[in-house]
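Basis for what follows: all heavy atoms, side chains included, without hydrogens, waters or symmetry-related copies. Just so you know, these numbers come straight off a predicted model, no measurement behind them.
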Amino acid sequence: MSDFTSNFWSVFISAATIIGIIACLVLLWVSGKTRAMTAQDNTTGHVWDGDLREMNNPLPRWWVWLFIITVVFSLIYLFMYPGLGASPGQLEWSQKGQYEAEMARGEKETAPMYARFVAMSPQDMARDSQAMGIGERLFLNNCAQCHGSDARGGKGFPNLSDGDWLWGGAPEQIKETLTKGRVGNMPPMAAAVGTPDDVKNVAHYVLSLSNSPHDTLRAQLGKAKFGACAACHGADGRGNIALGAPNLSDNIWLHGYGENAIVAMINNGKVNQMPAQEGKLSEAQIHVLTAYVMSRAGAPVAGN
């Protein structure tokens with residue numbers, strides 16, 4: 001760890017950079033002063049293809065000056081910008097600072113437009129074509145990587161267009177999800193359920209809750225064992241939005257469908273994370289994005 005807390009690498013990089021520049025100047029000076037042994041016709045004696053002879057002419061003067069200008073430019077650059085180890089340079093420029101400055105400028109330019117949306121309710125924004133156009137761009141840039149460009153999600157990523165909400169679909173709940181993020185944790189439950197056969201029985205009972213194809217006998221046997229799951233999913237299996245526990249009776253399967261998928265979930269558990277957007281998007285942008293996400297569900301924007 002000492003290599004990462006000492007200034008060795010900073011000094012090493014600075015020294016290597018300066019020595020490299022000096023070496024270039026020395027090479028240029030030496031090459032200008034050194035004269036190779038030549039014949040009377042100013043050739044070095046090297047001949048290729050029978051008649052191609054290497055001449056001993058000096059570098060063109062414009063070429064030499066271009067080399068010198070390049071070295072001078074590099075010295076000025078290293079003085080003004082970071083390049084010598086940990087030195088920030090005279091201008092103290094950084095990628096992070098440049099990014100923050102551009103983001104601040106962008107927010108300042110768009111502030112008047114977003115000010116109008118902040119004063120609007122999600123219902124009104126859902127009917128505003130400009131707000132929905134901006135919401136769509138925000139969604140494609142920040143959410144589509146997981147939920148898809150059509151908001152229909154995929155295995156492990158919730159479908160935002162079906163009206164089924166893990167953490168609640170009211171405006172304030174969606175806004176909280178976007179702002180703070182969510183962490184859903186399904187712990188491994190095999191030990192609490194019982195034997196591997198008990199796990200299979202519970203899987204069939206879960207399938208029966210949504211009238212999915214299942215073994216009736218196994219489902220009856222698994223009902224009693226489902227008590228280990230009821231603390232989160234409820235005695236009726238309808239879930240709990242306070243915990244992000246899915247509704248098991250709606251035939252919507254986030255992590256796969258069928259006996260094998262449910263058995264794997266009971267045995268192994270699952271952790272899902274929705275990253276927080278508050279450090280990435282402004283409060284006004286999250287407000288617009290909330291209305292857009294709700295509009296994609298095809299349900300009243302007031303919530304469910």
_Using side-chain heavy atoms (C-beta onward) and a distance below 4.5 Å, is W165 in contact with I174?_
yes

*Would you mind reporting whether C24 and L27 have side-chain heavy atoms less than 4.5 Å apart?*
no

*Could you check if a side-chain atom of N211 sits within less than 4.5 angstrom of a side-chain atom of N251, using non-hydrogen atoms only?*
no

*Basic-acidic side-chain contact under 4.0 Å: R116, D128*: yes

*Can you tell if the side chain of Q130 reaches within under 4.5 Å of the side chain of F117, non-hydrogen atoms only?*
yes

*asked:* Taking M120's backbone N and O only, do any of them form a donor-acceptor pair with D124's side chain (distance below 3.5 Å, no angle check)?
replied: no

*Give the minimum heavy-atom separation between P88 and P82, together with the two atoms involved.*
O-CD, 3.3 Å

*L84 side, atom CG; Y77 side, atom OH - distance, nearest 0.5 Å*: 11.0 Å

*Do L289 and F139 touch side chain to side chain, with heavy atoms closer than 4.5 Å?*
yes

*Please examine the side chains of T290 and H287, heavy atoms only from C-beta on, and report whether any two atoms are closer than 4.5 Å.*
no

*Below 4.5 Å, heavy atoms only, C-beta onward: do H147 and N159 meet side chain to side chain?*
no

_As a quick check of understanding, evaluate side chain to side chain donor-acceptor pair (under 3.5 Å) for K280 and N142, giving each step before the final call._
CA-CA 9 Å; K280 189 177 180 181; N142 300 280; 3.3 Å; yes

_Audit row: T177, R182, side chain to side chain donor-acceptor pair (under 3.5 Å) steps and yes/no_ = CA-CA 6 Å; T177 297; R182 302 287 190 181; 2.9 Å; yes

*Are I21 and V64 connected in the hydrophobic side-chain network, where two residues link if heavy atoms are under 4.5 Å apart?*
yes

_Check ion pair R218-E259 (N to O, under 4.0 angstrom)_ = no

*F79 and Q90, any side-chain heavy atoms less than 4.5 Å apart*: yes

*Smallest separation among heavy atoms of D250 and S210, with atom names*: N-CB, 4.3 Å

_Between K270 and H255, do the side chains contain a donor N or O and an acceptor N or O under 3.5 Å apart?_
no

*Kindly assign one of parallel, tilted or perpendicular to the pair W9 and F12, based on the angle between their ring planes and the thresholds 30° and 60°.*
perpendicular

